[in-house]
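Just below is one structure, and these are the notes that go with it.
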Amino acid sequence: MKRFYVTTPIYYINAEPHLGHTYTMVVADTLARFHRARGSETFLVTGTDEHGDKIAAMAAEHGEPPKVYADRMSPLFQQAWQDCGFVVDQFVRTTDPRHERLVQEFLQRVYDNGDIYFSRYAGLYCTGCERFLTEKELVGGNCPDHKRPPELIEEENYFFRMTRYLPAVQQHFEAHADAIFPDHYRNEVLAMLASGGIGDLCISRPKSRLEWGIELPFDRRYVCYVWFDALISYVSGLKMHGEDTFRAFWPTAHHVMAKDILKPHAIFWPSMLLALGLPLFRRLLIHGYWVRGEAKMSKSLGNVIRPLDMKRQFGIDTLRYFLLREMAFGQDASFNEDAFVARVNADLANGLGNLVSRVLSMQQRYFAGCVQPLEGDTPADRDLQAAFAQALEEVPQWTEQLAFHRALEALWRALDRANKYVVDTAPFTLARNAQNLPRVGAILHRLLECLYTTAVLLSWFLPETSQKMFSLLGLDSPGHVPSNLGWGEHFPPGHRVRPPATLFPRIDLHRDEAAAPRPR
RNA sequence: GGCGGCGUAGCUCAGCUGGUCAGAGCGAGGGUCUCAUAAUCCCUAGGUCACUGGUUCGACUCCAGUCGCCGCCA
């Protein structure tokens, strides 16, 4: 059986889920559903990163122990993703004992192999970044991101002998052109590797400075530093379901993330895997930022659109549609309310929603919902069918290439044709004369087939909508992507479809604002 | 400073290896239908394809330089 393993980064619990997190989840969820529809067994891992200076500091600010703080914050993510309906197979908390044990086991293994050494280190440390800064990075003596001076710290730490594995990592990415997507991020990684500027990786913090972390198994005075802890969640999430699950899924791993954490995933992680004697992940899938004006949507900056509020107000599929349709995966995209409303109204309300409404309405009015025989074969009929046959071919292809915006565009081209078909064939005019009713029935049957095919192709993009459509059609989802349209085979003789329902109400911001404050 | 990338109609963007490539969607204006969520459908955009040179019979598409954005690295 084919398998597909997809991960998101584990999210740092210093803030609530934001749009960036949500986008990553939507992509991972969409990929998992797509591969499942293609017949693969899938596994999705996400989670929360709960260790580190910043978390300890935030907990202290709230006057609570770090674990209490983490126990309060982590469920915000878990609950959010559940509310959004994402198909999470394992939610990994880095404070989970199962995860901690694996991190320790891995640390010990690498240590035993001689790839971890002890050394003195001095540098300028920014607690905001949780890393050492170079002199050159400073702006006016301050950290450029956090606008405050770093501390001069000199201490002894453990280092992972990453340099030993960099040539092999470089070879791997040279040999596997698709291992990092999109291409230009692979080029950046290769440039980084070729520059020779990458050294060994500091993987510890003395407990005297930071207690909130996983203890090094070979030195109890130290805890593990972030990446050696966090990245291993991709493995621990699988191992929590057993060694067989790990062995089955790991080689198919697809790590989805935003571009800011490319380096740890493309350099540190493969080095770690090589040191551990594990196969490398299959691919890194790197997406851009949602920008609003100039600033990026980051967890440290304030201008955050609250995805859960949007979900509550407009529904998860409306949010999913906008995110997937508006961003070309890999590039930045801008998020603003006008674009959101325009897109949703034009495509979802006026396009898909209205088509469903008008077709089911006529089916109800002229035939009491009873589906009529599919007969006749006019040029318009063939045209319509060709449009959907093309969508059935293109949508999965574009999805496979992570061009979600193109996939949806392709599907909407077909939907536009369906709306045009209604006008061109004018069943509502034909229906005035009883002798035309067989033709009217055939036209509507074809349109119902359009909705069926659309529901199939939306099943990984807009799962809720897809389900609603199948329910309106009175049919079950086939659960997979069929190889051909199969029009004429879905509705048994005498089958009744349900009366129309509003899938996506038009958004009228001005009226909402005038009438009442929008719910938040 | 080194190396990507980008700059195409009001907006968001397509345009692969040069010759129906000057396009799509949205917005805006006009019209039609009435099944439908005042939705659908049809018509309407003359934008020097950032700028300047060059290669070529011919460049938005190749080359060089300039300006402006952005990313990565140092």
Side-chain angles (χ1 to χ4, degrees), chain A residues 133-138 180 182-199 258-264 266-267 286-289 291 293-296 318 322 325-328 330-367 380 384 398 401 403 405-406 408-413 415-432 436-437 440-441 443-444 447-448 450-451 472 499-508 511:
Chain A
L133 305 175
T134 62
E135 303 261 359
K136 285 180 187 167
E137 284 178 288
L138 302 185
I180 301 178
D183 269 355
H184 80 271
Y185 288 117
R186 169 170 169 265
N187 296 339
E188 278 181 9
V189 168
L190 287 174
M192 250 186 270
L193 287 163
S195 76
I198 300 168
K259 59 187 179 182
D260 56 333
I261 48 175
L262 172 61
K263 184 174 175 179
I267 311 267
I286 317 297
H287 71 252
Y289 291 136
V291 295
E294 285 300 289
K296 69 173 185 179
T318 299
F322 181 81
R325 177 65 182 79
E326 204 73 7
M327 176 178 268
Q331 294 182 268
D332 289 354
S334 65
F335 191 108
N336 70 72
E337 210 165 49
D338 290 344
F340 181 82
V341 172
R343 189 101 248 170
V344 167
N345 280 344
D347 295 359
L348 294 181
N350 301 348
L352 174 60
N354 186 54
L355 179 67
V356 168
S357 180
R358 69 198 307 200
V359 170
L360 292 180
S361 172
M362 283 188 278
Q363 190 63 241
Q364 202 61 37
R365 175 182 300 212
Y366 304 137
F367 302 104
L384 180 71
W398 286 123
Q401 296 170 41
H405 65 307
R406 286 235 187 287
L408 290 168
E409 194 182 24
L411 177 54
W412 255 256
R413 263 198 298 277
L415 287 170
D416 288 346
R417 294 289 280 282
N419 267 319
K420 183 172 162 49
Y421 177 79
V422 175
V423 172
D424 289 349
T425 57
F428 41 85
T429 303
L430 294 177
R432 288 172 190 158
N436 290 329
L437 280 179
V440 172
I443 288 169
L444 292 177
L447 287 163
L448 291 170
C450 291
L451 300 185
L472 287 170
T502 299
L503 245 35
F504 302 98
R506 275 180 67 82
I507 302 172
D508 188 342
R511 203 182 58 195

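Computed from a prediction, not measured in an experiment: that's the story for all the values here. Below, all heavy atoms of this structure are taken into account, side chains as well, without hydrogens, waters or symmetry copies. Every chain is numbered from 1, with letters handed out A, B, ... down the list of sequences.
- For A:K259 against A:G288, the heavy-atom pair with the smallest separation is CD-CA, 4.3 Å.
- Annotation: B:rA74 and B:rC51 have their P atoms spaced 36 Å apart (nearest Å).
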Stepwise, does the side-chain contact (heavy atoms from CB on, under 4.5 Å) test hold for A:Q364 with A:L360? CA-CA 6 Å; A:Q364 202 61 37; A:L360 292 180; over 6 Å; no
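- Atom CG in A:N345 sits roughly 18 Å away from atom P in B:rG25 (whole-Å rounding).
- Within the 4.5 Å cutoff, the side chain of A:E409 has no heavy atoms near those of the A:H405 side chain.
- Taking atom P in both B:rG65 and B:rG46, the straight-line distance is 37 Å, to the nearest Å.
- Spacing of P atoms, B:rC42 relative to B:rA24, comes out at 13 Å, to the nearest Å.
- Taking atom OH of residue A:Y289 and atom C1' of nucleotide B:rG71, one finds them 10 Å apart after rounding to whole Å.
- Separation of the C1' atoms belonging to B:rG29 and B:rC69 is 34 Å when rounded to the nearest angstrom.
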For side-chain contact (heavy atoms from CB on, under 4.5 Å), just list the numbers for A:L193 and A:I267, CA-CA rounded to whole Å, side-chain angles, deciding distance to a tenth of an Å, and then say yes or no. CA-CA 8 Å; A:L193 287 163; A:I267 311 267; 3.7 Å; yes
Taking only N/O atoms, report every protein-nucleotides 3-13 of chain B pair under 3.5 Å with atom names and distance.
none

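- B:rU61 and B:rC72 have their P atoms separated by 28 Å, with the value rounded to a whole Å.
- Taking all atoms of both residues into account, the shortest heavy-atom contact from A:P182 to A:G330 is CG-CA, 3.7 Å.
- Taking atom P on both B:rG71 and B:rA64, the two are 24 Å apart, rounded to the nearest angstrom.
- Put simply, CG on A:L193 is 22 Å from P on B:rG2, counting in whole angstrom units.
- With hydrogens and angles disregarded, a donor-acceptor distance shorter than 3.5 Å links the side chain of A:N345 to the backbone of A:I507.
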Starting at the 5' end of RNA chain B, write a dot or bracket for each base, bracketing those in Watson-Crick or G-U wobble pairs whose two distances are under 3.5 Å and using | for partners on another strand. (((.(((..((((.....[...)))).((((.........)))).....(((((..]....)))))))).))).
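- A:D332 contributes a side-chain N or O that, together with a main-chain N or O of A:Y289, makes up a donor-acceptor pair within less than 3.5 Å.
- Atom CG of A:L447 is separated from atom C1' of B:rC41 by 14 Å (rounded to the nearest Å).
- Closest-nucleotide positions on RNA chain B for A:A328 and A:L415 were compared, and the one nearer the 5' end corresponds to A:A328.
- Distance noted for atom C1' between B:rG23 and B:rU55: 27 Å (whole Å).
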Give the C-alpha distance, both sets of side-chain angles, the deciding distance and a yes or no for side-chain contact (heavy atoms from CB on, under 4.5 Å) between A:L447 and A:Y421. CA-CA 9 Å; A:L447 287 163; A:Y421 177 79; 3.7 Å; yes
Could you write nucleotides 30-37 of chain B as a row of B, S and -, 5' to 3', where a protein heavy atom under 4.0 Å of any base atom gives B, of only sugar-phosphate atoms gives S, and otherwise -? ---SSBBB
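- Here the P atom of nucleotide B:rA39 and the CD1 atom of A:I507 are 14 Å apart, to the nearest Å.
- Using a 4.0 Å heavy-atom distance criterion, A:D416 is classed as a sugar-phosphate-only contact.
- A:L451 places none of its side-chain heavy atoms less than 4.5 Å from the side chain of A:L472.
- The CG-C1' distance, from A:L408 to B:rG25, rounds to 14 Å in whole Å.
- Spacing of C1' atoms, B:rG7 relative to B:rC13, comes out at 13 Å, to the nearest Å.
- Applying the 90° criterion around 0 to the glycosidic angle, B:rG4 comes out syn.
- Atom CG of A:L190 is separated from atom P of B:rG71 by 21 Å (rounded to the nearest Å).
- Closest non-hydrogen pair, A:P427 versus A:Y366, comes out as O-CE1, 4.4 Å.
- Taking atom OH of A:Y421 as the reference point, atom C1' of B:rC41 lies 15 Å away to the nearest angstrom.
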Check against side-chain contact (heavy atoms from CB on, under 4.5 Å), A:V423 and A:F428: CA-CA 9 Å; A:V423 172; A:F428 41 85; 5.6 Å; no
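- Test A:L448, A:T425, A:D424 against A:I443 for side chain to side chain contact (heavy atoms under 4.5 Å, CB included) and you get one pass: A:T425.
- Contact annotation: A:R406 side-chain N/O to B:rG15 OP1/OP2 distance is under 4.0 Å.
- One N or O on the side chain of A:W412 and one on the backbone of A:D347 form a donor-acceptor pair closer than 3.5 Å.
- Across the interface with RNA chain B, nearest-nucleotide mapping of A:V189 and A:K420 shows A:K420 to be the residue nearer the 5′ end.
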